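Order of the sequence lines fixes the chain letters, A, B, ..., with proteins taken first and strands second; residue numbering starts at 1 for each chain. What you see is a predicted model, and the numbers here were worked out from it, not measured in a lab.
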Amino acid sequence: MPPLHDLLLLGVILTNFWVLGTTRLSATIRATAVQGLLLGMLPLALHPAWSLHTIGLGLGTILIKAMVIPMFLSRAIREASVRREIEPLIGFTASLCLGAVAVALSFGIAQRLPLPEANSGLVVPVALATVIVGLLVLTTRNKALTQVVGYLILENGIYVFGLSQVERVPFLVELGVLLDIFVGVFIMGIVVFHINREFDSIDSTRLTALRDE
Amino acid sequence: MTPTPFIAFGLLLALAPALPGIATRTKSALTGRRGAPVMQLYADLAKLVRKQVVYSRTTTPVFQIGAVVALSTVLVAGCLLPLDGHAAILGFTGDLVAFAGLLGLGRFALVLAGLDTGSSFEGMGASREVTIAAFAEPALFLCFTVLFLATGHLSLESMLGGPLAKAWVSASPSLALSGAALFMLTLAETGRVPVDDPATHLELTMIHEVIVLDHSGPDLALIHYGSAVKLALFGSLVVSVFVPRGALPAAPAIAVLLTGLVVVAVAIGVVEATMARLRMNRVSQFLVAASALAAFGVILELR
Amino acid sequence: MTLFVLILLPAGAALLAYAQRSAPLRSVWLIGAAAVHLALVGRLWWHPAESALGGWLAVDALGMIVLTLVSVLFFLVALYAVEFLRSGTPRGGRGFVACLLGFLAAASLVALSHHLALLWVGMETTTLALAPLVYHRHDARSLEAVWKYLVLSSVGIGLALLGTFFLAASQTVGRPLVMEDLIAHAGSLQPGLLRGAFVFLLVGYGTKMGLAPLHAWKPDTYGEAPGLVGGLMAGALTSCAFLGLLRITQVSMAAGLAPFIQPLFLGFGILSLLVAAAFMIGQLDLKRLLAYSSVEHMGLLVLGLGLGGLGAYGSVLHAFNNGLTKGLMFLAVSNVAVATGSTQAGTARGLLRRLPVSGVLLLVGLFAVTGSPPFGLFVSEFTLLRAAIGGGHPWIAVSMVALLAIIFVGMARPLLGMLFDPETNPEPPVREPLLLVAGPVALAVVVLVLGVYIPGPLQRLLGQAARALGGLAP
């Protein structure tokens, strides 16, 4: 039975595939919530000596990433009354294949990176894979809300990477990062609400008025 | 050669027609109906065998041998699996390719039989069936790759038998992923929801049912029985990956296998009750997702 | 203590301004905070302050230059904002003032932070603080602009965070991510991870600066934001992002990675100049023109870093001059927008006659921003040319001159047309309010003075900064 942190990291990759393959916007938000839950448990699993630092970080992450942000985004899609994503720029099948390629690439790159094998050999590859998948979702999806989900996944990947350095990057900074992400998503959600009001849809391919004449 | 592989194989052949019945019964129970009895397929087979076969004037001998080839390939493929947990009736290095090839040959024979009737309806079903097969084959081979990387052996007998139990200690995530992918493949290869609905008779949604429309009497009995045995084979693949029986003696291993088959059938019934059949273009995504899971398992093993 | 006040005072003023119902009192908070901030920064020049938070906040040459630039620019923009809010905005202005002061607090944090993760937090906060200001007009075009700004900036900032974590991973000894320890133990930094950190930080902070090819958000954002916000973004925000880049450059040069980082800088620099030159030809909207000019100057900044030696001095001097000049231009363009309602070259004409003061300011600013003598930007661009020729990069010098010439033509044509072309329906000259022109006039005077004479203390500080970057002072 592999250690808990390995299972959690595998769960993170599975949620990435979930987001890549689904058409329903509510499913992408649910996947992000599950990912937030897994990420909240990760510092507690990676560092068995539970200090106030790790417990606070885990609870804060679960609160913000698994509860507050998904609730807020669900409200946004209810306002916009959009249910499904239309066929993205590169197609769902291609997205899934690219996601698998991204996972393979990250494992390959991570082996070349001379990082100290802190507690788990899976942390760095999973972090890089999540960053790449986040960028993929951000750049190829049409609905503004899915782009926000892509941004969240990107930040989750960076957060996982930061967890491997938790002795180096102290508590206050992680809290600051968390707070910034929260405010960022909050502002993005408000902008999505305004986009829906202004254009009557949250299809970002309609945002093409500004260009060089 | 001990008699246990033969006993296991015989029990599997005897129990196979009950599995679709269990699945349908579970689905009916979950959707609030009584449903057909579990032994319904036995009664259907008995009825069909007694009937006279009718061949259309537009068909050739290809049509007549289609059903026979389909069943015989499935039976030979079943001989390659170590059903008692230790040994298979037939086995050699690389027989996993033979396994996939035999199943492919059976499908090919059925598809040819369907095209042979000259009906465009069956032609449509044939093209859909082959498309699904094109996506399913890579997934199957990726699952076998995971098993090979985990156990180090290239014959189904060893990959699913004794060495697999040892491999579970170190490679459980990849094996779990490949097991999940194999379950998704079972749904695809046996024509179950979400890939194909066995209960539908609508033109737009039939795949497997459409190919066998022109078969009658004993031929149809052979085809139905062959599908049931195929379900049992894939189910035993799933059971072997999830529950390594290599450490158990023969009799408990066979009992575990049969129980596992029943569990798999119930699981299929649950899936059928909760999901709807996917649109054709989403079916390929479903199978690509299965391949992606298995590929992820491969990556984990390679590292 | 001073350092805490510099950060917390604007933050506190932001909260007070948001809670304040009456507009005149809000302006008091704004101007008051800006004035006290400027005074404290001035005091820091003569009485250097102790470091705080265990070395996380400190004052050094690079930080001082950026802090002074931000403080001066903010004070003059605040004066402008008071009049701008009084005459223009339909909605309260509570959020506007609060966001402005929040930006000042975050920018001070970036300038004073010697802990690179704290610097990142400050950069992210500046991004978020300016987003509502870009959306000030609340119409479809500014909505599109703010969406593109948010998405691209957030990705950039995310990658910068990844680079910061890479840097933390490369450290084996000393306090993690603190500048002093990073430079002191630069030899012990893991080279592979340091290179990875540099690339991510270059891409991340480069997106915030607006280097090509990461500049796509700039024309839309600067084009739709109110002029004074554009001035703050082009002058202060880009300088803060540049400071982030300077910090990693300091560490990399100390670790001996110059052969790795300098070609990257040169590449991005020349590419930015090319993109700016290409897109400025035929550009008719003044604010978008200024956005591409900003891309050009960002390119010059990293070009200086890539040239090394004297180029580092030129780069830091250029950052200072560029911030002030952009402030001048954006405020003048904002006056045009306020008076005529448009910044398009086809619509607004005869500005020299109609808006005498702003017209002259635009003319002066044109020569200043394109690097003509006797303005400050000429001196820094000339220093960069010297560094290029002296450092054995003749082709870079030649391309620089050629591209700068093209950029001058590209900017001059629409601007001169707007200033001198006769109007179809001549209107009487507008009497411009004092507060709307005081700031730009002050900036123009400073830029002119810096072109002729650089005061002693500033020269000393610039020399220190250049040496910290592994370069030379003239």
Supply the atom-to-atom distance [X] [atom1] to [Y] [atom2], rounded to the nearest 0.5 angstrom.
| X | Y | atom1 | atom2 | result |
| --- | --- | --- | --- | --- |
| C:Leu161 | A:Phe161 | CG | CZ | 10.0 Å |
| A:Leu135 | C:Leu159 | CG | CG | 6.0 Å |
| A:Leu154 | C:Ile157 | CG | CD1 | 11.5 Å |
| C:Leu150 | A:Gln147 | CG | CD | 11.5 Å |

Which residues share a ring-ring contact (aromatic ring centres under 6.0 Å, His included) with C:Phe4, sequence neighbours left out: none
For chain A, the option from C:Thr127, C:Thr164, C:Val155 that forms the most heavy-atom pairs under 4.5 Å: C:Val155
Chain A interface, residue from C:Leu143, C:Val146, C:Thr125 that has the most non-hydrogen pairs under 4.5 Å: C:Leu143
Greater than 12 external heavy atoms within 6.0 Å of C:Phe260's CZ: yes
Exceeds 12 heavy-atom contacts within 6.0 angstrom, atom CZ of C:Arg413: no
A:Ile158 and C:Phe165: CA distance, side-chain angles, deciding distance, side-chain contact (heavy atoms from CB on, under 4.5 Å) verdict: CA-CA 8 Å; A:Ile158 300 177; C:Phe165 283 153; 3.8 Å; yes
